[in-house]
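What follows is a single structure, written as structure tokens, with notes after it.
Reminder, nothing fancy here: chain letters follow the sequence lines and each chain counts from 1. Predicted model, so just to flag it, every value in this text is computed and none were measured.
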Amino acid sequence: MSVLTRRTAPVRVPTRSFHMVERNVMAYRHNWIVILSGFFEPVLYLLGIGFGLGSLVPAVSTGGGHTVSYAMFVAPALMATSAMNGAVYESTSNFFYKLRYAKTFEAVIQTPVGVEDAAMGEVIWAVIRGCLYSIGFVMIMQALGLIASPWGGVLSVLAALLIGFAFAALGTAITTFMRQWQDHEIVTLGLQPLFLFSATFFPITVYPPILQAFVAVTPLYRSIHLIRGLTTGQIDVGLLVDVLYLVLLGLVGVAVASVRLRRRLLK
Amino acid sequence: MSDPHSLILARQLTKRFGDLTAVDGIDFEVAKGEAFGFLGPNGAGKTSTMRMIGGVSPVTSGLLTIFGLDPARHGPTIRARLGVVPQADTLDLELTVRENLMIYSRYFDLSWREGARRADELLEFVQLKERSRDKVDELSGGMKRRLTIARALINSPELLLLDEPTTGLDPQARHLVWDRLYRLKQRGVTLVLTTHYMDEAEQLCDRLVVLDKARIAAEGSPRELIDRYSTREVLELRFPIDEQPSLDGKLNDIAERIEVLPDRVLLYTSDGDEAIAAVRKRGLQPETALVRRSTLEDVFLRLTGRSLVD
Ligand SMILES: Nc1ncnc2c1ncn2[C@@H]1O[C@H](COP(=O)(O)OP(=O)(O)OP(=O)(O)O)[C@@H](O)[C@H]1O
Ligand SMILES: [Mg+2]
């Protein structure tokens, strides 16, 4: 009899993820201020560094003989960062609280919503949060004349969605390994160098070749490279590499998160 | 091989956590419309069994079907027809009372409208309507329990799993829950519950099993179990604390069976009054002597060597 041999549930396509998003929207109606807070940091950097410090910097060369103003150079990097921040905050701290303390998922998996739905739903929600930040940010960029063409603006929002997905999946996966709140310090410790050294404030050519190769495979660098290409209008095949990289990172993250969640919740 | 009408069928059902065997090859069947109970001391394996039935705990070995389906393969289909009250509340702390029900209805793919209708109806059913806008944190333990029961009913389940549904409730709230469960049973809902309260088991269960150390120690209706494992009457004696240890042997032969508990001695006999006379004749002076009928508690004590409520 087949029921005697088959012991583990097949991995399902997460069709009910959307209910998880609904749940999060419901919860956030009670403290939407938390969402706002993450938005301002990159905006302040744009004003302080992009324009303030930027007034001292002449044009920046972005390769292939192109040069752009410093603000135009920094803005896409900050946009990518804001997508990353939204997704990471959500998929680490908030997800950790739900997983470890609120036991949110224990109730969820008792319904037709499965573990895969829960994992994917959390990722989608984090993407939405990251995307909200990016949309706000791109509107500021547009207002300040920092986008080469309207198409670049639209495409960069789509790119931000992908960036959010990659980082949300990564954050969710990492969070399943965390045991205590102190572990979040490691995330913060990881985000800071990413933020500072991913060709955010200066071109990658500043580094010696060996460091360049290393920076080139880090996720925020790929994200910034993608958005910068779109907003400055330098479209080339290199952007496809970025897209592929982010898609892959996201898929691996979701897979790891699903497997880990299963092991944790289905005891 | 089995009754096709059985809603739950377990054969040699086993659950292991590493080296520890929490459920050790148990067999049972639950028929549609039945109220079925699991009794057993702490750690006997009740929750482990309930979680397997609920489809959130993979079976280690043996056979388990719910509605004739394998939980490992048809989890979502089975869970759509189940209502679950877990031992520890798992209410959503970030949401209000009513929102908890609303979002749960969404998890079952109900429309917002239908969810709202059922939420209001259920809040009435468990008498929490006035608290519907409060955060869950602000409820008392008993109110949370009632909300959990309401939540388990949001999808109009055919089978309701209740793991210690009334633990921590005051007598009034317990009676409310019993009444609600009784009504659900009348409507044809199948109930599977665990409890540490024998009155609850006697009131609610048509049939029950006593689990002890991961195995089934006995099975039957409350009445059958009492007839099989206990005597007609029980004489409860209380002695001054310091005298009880020195009783050793003095009560022998007065009853069919004697249980010495920390605070009292139980004599199992068909005639309690006769037993009292015999005790007095031996010159013993109990502080109090009470004759009562046997209950499930006595069955439990006999089978597991422990009181029902530790
Ligand atoms: N997730 C788990 N990991 C390891 N051991 C577990 C786990 N869950 C339960 N156990 C063990 O399995 C055994 C049975 O536990 P279970 O919770 O099923 O008992 P129970 O009959 O529900 O007890 P109680 O009346 O205290 O609720 C216990 O020894 C317990 O420690
Ligand atoms: Mg238990």
| side chain to side chain contact (heavy atoms under 4.5 Å, CB included) between A:His30 and B:Thr96: does it pass, once the steps are laid out? | CA-CA 10 Å; A:His30 298 289; B:Thr96 67; 3.8 Å; yes
Minimal heavy-atom distance between A:Ala107 and B:Tyr104, with the atoms involved, is O-OH, 2.8 Å
- Query: Under 6.0 Å from the NZ atom of A:Lys267, do we count more than 12 heavy atoms belonging to anything else shown?
  - Reply: no
Shortest non-hydrogen pair, A:Leu266 vs B:Pro58, comes out as O-CD, 3.5 Å
Heavy-atom nearest pair, B:Pro76 first then A:Arg16, reads CB-NH1, 4.2 Å
Whatever's closer than 4.5 Å to a heavy atom in chain A on B:Arg151 counts as side chain
To the nearest 0.5 Å, atom CD of A:Glu106 lies from atom OG1 of B:Thr90 at 7.0 Å
Pair count under 4.5 Å, heavy atoms only, with chain A: among B:Arg106, B:Arg81, B:Met52, highest is B:Arg106
Turns out that what part of B:Asp109 lies under 4.5 Å from chain A's heavy atoms comes down to both
Chain A shares the most heavy-atom pairs under 4.5 Å, among B:Val84, B:Leu91, B:Thr148, B:Leu93, with B:Val84
Subject >> Other residues, nucleotides, ligands: >12 heavy atoms within 6.0 Å of A:Arg100 CZ >> reply: yes
Distance col, row B:Ser105:OG vs A:His19:NE2, nearest 0.5 angstrom, shows 9.0 Å
query = Is a salt bridge present between A:Arg23 and B:Glu94, judged by a nitrogen-to-oxygen distance below 4.0 Å?
reply = yes
Of A:Ile109, A:Thr104, A:Leu265, the largest count of non-hydrogen pairs under 4.5 angstrom with chain B goes to A:Ile109
Okay, A:Phe18 and chain B: the region with an atom under 4.5 Å from a heavy atom over there is neither
